[in-house]
Amino acid sequence: MNRSLSARITLYFGGLFVVSVGGLLLLWYSGFQPLGIEGARNQLLAEAIRRVESVADSEHRFISNSLEERRGDILIIAENKLLSKKLRLLIDLFSRKSNGFLNVCSVPIPITTVS
């Protein structure tokens, strides 16, 4: 293989350049832990985990707040004497009208206001 000196220099320079750029890209992507260089892959993974944890924490707070509100609503309903009396009457009415089966569509619900 008789190549000219300029062709060999170009080939060596091109090969060295490709290997150098490939090595730098590999170092950028994967990092080098002994020197404490964190790679882009680990940074992106950490950012994705942080975002998922943030969304999970937000959903946890939302569900907890919703449950607390519902507990308060149920506590108010449970402690309301007038409402519990009306519900007992309504259940008795349903039981008598439908022989033990609740049929909500056939009986109108009386609504009264307390003054």
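Y12 has its side chain out of reach of L16: every pair of non-hydrogen atoms, C-beta onward, lies at least 4.5 Å apart.
If you take CG on L89 and CZ on F94, they are separated by 11.5 Å, rounding to the nearest 0.5 Å. Atom CZ in R8 sits 9.5 Å away from atom CZ in R3 (nearest 0.5 Å). Here L44 contributes atom CG and I49 contributes atom CD1; the two are 11.0 Å apart, rounded to the nearest 0.5 Å.
Within the structure, the side chain to side chain donor-acceptor pair (under 3.5 Å) test picks out the following pairs touching residues 44-56 (sequence neighbours left out): E47-R50, E47-R51.
Considering only residues two or more places apart in sequence or on other chains, V52 meets the side chain to side chain contact (heavy atoms under 4.5 Å, CB included) condition with none of them. In this structure R41 satisfies the side chain to side chain contact (heavy atoms under 4.5 Å, CB included) test together with Y29, sequence neighbours excluded. Residues satisfying the salt bridge (Lys or Arg N to Asp or Glu O under 4.0 Å) test with R88, not counting sequence neighbours, are none. With sequence neighbours excluded, the residues that form a side chain to side chain contact (heavy atoms under 4.5 Å, CB included) with I37 are F32, L35. Judged as a side chain to side chain contact (heavy atoms under 4.5 Å, CB included), and not counting sequence neighbours, the contacts of S4 are S6, A7.
Under the 4.5 Å side-chain contact rule for hydrophobic residues, W28 and V19 do not share a cluster.
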Side-chain donor-acceptor contacts of residues 64-76 below 3.5 Å, not counting sequence neighbours, with atom names and distances?
{"residue": "S64", "atom": "OG", "partner": "H60", "partner atom": "O", "Å": "2.9"}
{"residue": "N65", "atom": "ND2", "partner": "R61", "partner atom": "O", "Å": "3.3"}
{"residue": "S66", "atom": "OG", "partner": "F62", "partner atom": "O", "Å": "3.0"}
{"residue": "E68", "atom": "OE2", "partner": "R71", "partner atom": "NH1", "Å": "2.7"}
{"residue": "R70", "atom": "NE", "partner": "D73", "partner atom": "OD2", "Å": "3.4"}

